[in-house]
Amino acid sequence: MTDKAMMRVLGGGRVDPPPVWIMRQAGRYLPEYWELRGRAKDFLDFCYTPALAVEAVMQPLRRFDLDAAILFSDILVIPDALGRKVWFVQGEGPRLEPLLDEAAWSFGDPEGVTGHLAPVYETVERLRATLPQKTTLIGFAGGPWTVATYMIQGRGGDKDRCRRAAYERPADVDALLAVVAEATARHLAAQVAAGADCLQIFESWSESLPEPLFERVILKPTAAVMARLRALGVTAPVIGFPRGAGALIGRYARETGVTALGVDIQTPAAFARKEAPAGMALQGNLDPQLLIAGGAALETGARQVLEAFGGGPHIFNLGHGITPQTPPENVAKLVEIIRRPGES
Ligand code: CP3
């Protein structure tokens, strides 16, 4: 049996207290991150420099007793590897050249992505050699719709134009989703080949989709990623995180082929438990704002999450990424609350 607590839970086991990691645990709330970031030319260069990326992964692990490390990279390396221009505007977020501005949509071949992303797999290899035996190494990618929306509209925010494009240019949007799904499967498989123990698919923009569109742009492309991954011989567990999917999380958990379900802030644990297949591991879902508030609110909130998810296999996490304003001491406090003996 594995000595990695998180892998035991992903296999359907219950571990008390539950394993814990924090979405976006490497990054801007840590002062030492900024020092490291200053050494790279730009954010993508940071992601493609294994020495810097490994260090970014290790920073939170030195401070906190976490069960998992997550590769330092970004979901937008896929559009970059497909030849679409990607850049990051400080304080605003990512920017891409929008496909919506183009009459004929063009992007590179999904077969080329793993060559372009070779430095990312080198980071995974180095991490595999560095991490303690008990630490689970998580590889990741964005969900096809989330990545495609950045490619279509060129930025985050309001997704009305993307939804409209799905109705107005269905052949273009479906072809894009198929390319992104194939590229994503290859990218995830390469991370496992390099040493990742498990994978997470961040479908951050699952909200506000009518069910027929959810079927078309979320369920079908994600099922394609999972089928392709399994056809490539990858057996590693996959956590699907359809943030904002609401009433449709059950369909996501049952129909895509993911192993475990990431639960967002507003979804009740009991609802997720009822909707997911019996025995499926659930991950989540503390409000990241509680990590800023700290004190008694954090203590109460963390206990409520432990209690709500405690009836089945659970990986403790936030319901969305940690924010840059979070005091690192509050993360230490959270881990201490979770690990306190006999109270979970
Ligand atoms: O510890 C980790 O989780 C680090 C690895 C990681 C990053 N991005 C690094 C990063 C992961 C797993 C991601 C996922 C990601 N990237 C998602 C899905 C998760 C989510 O939060 O919904 C999305 C939508 C993106 C796209 C993206 N990349 C955005 C919106 C931004 C702007 C900053 C933000 O957090 O809103 C980025 C840049 C980015 N990716 C940073 C980091 C550490 C900040 C870059 C910097 O300015 O230094």
Side-chain angles (χ1 to χ4, degrees), residues 20-49 52-64 66-80 84 86-96 120 123-124 127 135-151 153-159 162 184 187-188 191 196 198-207 239-245 262 264-265 283-285 288 317-326 328 331:
V20 54
W21 68 283
I22 308 276
M23 283 193 280
R24 312 292 289 266
Q25 66 193 24
R28 294 166 297 171
Y29 71 107
L30 294 175
E32 59 270 33
Y33 171 83
W34 288 107
E35 191 276 315
L36 202 58
R37 172 94 156 77
R39 289 199 237 160
K41 181 162 69 39
D42 54 41
F43 181 68
L44 278 181
D45 178 56
F46 187 174
C47 293
Y48 296 153
T49 308
L52 297 181
V54 167
E55 178 57 21
V57 173
M58 298 310 290
Q59 286 179 340
L61 299 180
R62 286 193 199 104
R63 281 181 179 255
F64 318 118
L66 298 163
D67 286 279
I70 181 160
L71 166 69
F72 190 84
S73 175
D74 198 80
I75 65 167
L76 299 175
V77 298
I78 289 291
D80 181 57
R84 302 296 305 180
V86 180
W87 68 102
F88 291 82
V89 182
Q90 198 65 255
E92 283 187 45
R95 290 287 182 276
L96 291 85
V120 175
T123 301
V124 175
L127 286 167
T135 309
T136 296
L137 176 54
I138 308 168
F140 75 94
W145 172 244
T146 300
V147 172
T149 49
Y150 276 101
M151 295 174 77
Q153 65 178 23
R155 58 195 298 162
D158 188 335
K159 278 130 236 147
C162 282
T184 301
H187 180 45
L188 290 172
Q191 293 176 53
C198 66
L199 299 164
Q200 175 153 324
I201 297 175
F202 288 88
E203 193 75 275
S204 303
W205 290 0
S206 303
E207 77 270 23
I239 305 161
F241 178 47
R243 191 178 70 81
D264 62 17
I265 303 171
Q283 173 177 282
N285 77 342
N317 206 316
L318 308 183
H320 193 194
I322 191 168
T323 67
Q325 304 95 302
T326 305
V331 179

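When a ligand or atom number is given, it counts from 1 through the structure's own listing order. Starting from 1, each residue takes its place in the sequence as its number. Given the structure is predicted, the values throughout are model-derived calculations rather than measurements.
Between Phe241 and Phe202, the ring planes are perpendicular. Angles over 60° get that label, and only those under 30° would be called parallel.
Ranking protein heavy atoms by distance to atom 36 (O) of ligand 1, first place goes to Arg28 NH2, 3.9 Å. Nearest protein heavy-atom contact of atom 6 (C) of ligand 1 is Ser73 O, 3.5 Å. Taking atom 11 (C) of ligand 1 as the reference point, the nearest protein heavy-atom neighbour is Phe140 CZ, 3.5 Å. Nearest protein heavy-atom contact of atom 28 (N) of ligand 1 is Asp74 OD1, 2.7 Å. In terms of protein heavy atoms, atom 18 (C) of ligand 1 is closest to Ser204 OG, 3.2 Å. Atom 3 (O) of ligand 1 has Arg24 CA, 3.0 Å as its closest protein atom, hydrogens excluded (heavy atom only). The closest protein non-hydrogen atom to atom 25 (C) of ligand 1 is Ile75 CG1, 3.6 Å. The nearest heavy-atom contact from the protein to atom 43 (C) of ligand 1 is Tyr33 OH, 3.4 Å.
Within the structure, ligand 1 lacks Val57 among the residues with a heavy atom less than 4.0 angstrom away. Note on ligand 1: Ala26 sits in its first shell, one or more heavy atoms being nearer than 4.0 Å. Not a single heavy atom of Glu92 sits under 4.0 Å from any atom of ligand 1. Within the 4.0 Å heavy-atom cutoff, Gly156 does not count among the residues contacting ligand 1.
Close contacts of ligand 1 with Gln90, meaning ligand atoms under 4.0 Å from a residue heavy atom, involve 47 (O). Within ligand 1, counting atoms from 1 as listed, the ones closer than 4.0 Å to a heavy atom of Arg37 are 46 (C), 47 (O), 48 (O). Atoms of ligand 1 found under 4.0 Å from any heavy atom of Pro94, numbered from 1 in the order shown, are 27 (C), 29 (C), 30 (C), 31 (C), 32 (C). Heavy-atom proximity to Leu71, at under 4.0 Å, picks out these atoms of ligand 1: 5 (C). Of all atoms in ligand 1, numbered sequentially from 1 with element shown, those under 4.0 Å from a heavy atom of Phe88 are 28 (N), 37 (C), 38 (C). Numbered from 1 in the order shown, with element, the atoms of ligand 1 that lie under 4.0 Å from a heavy atom of Phe72 read 4 (C), 43 (C).
In this structure, the ring of Phe140 has its center no less than 6.0 angstrom from the ring center of Phe72. Side-chain rings of Trp87 and Phe43 stay apart, their centers remaining 6.0 Å or farther from each other.
Contacts with ligand 1 closer than 4.0 Å are made by side-chain heavy atoms of His320 only, the backbone lying farther away.
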**OP:** Apply side-chain contact (heavy atoms from CB on, under 4.5 Å) to Leu30 and Arg63, showing your working.
**Re:** CA-CA 10 Å; Leu30 294 175; Arg63 281 181 179 255; 3.4 Å; yes

**OP:** Verify side-chain contact (heavy atoms from CB on, under 4.5 Å) between Trp34 and Arg28, making sure each step is shown before the conclusion.
**Re:** CA-CA 7 Å; Trp34 288 107; Arg28 294 166 297 171; 3.4 Å; yes

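The closest donor-acceptor contact from the side chain of Asn285 to the backbone of Asp264 lies under 3.5 Å.
The nearest non-hydrogen atom to atom 24 (C) of ligand 1, considering only Trp205, Tyr150, Phe202, comes from Tyr150.
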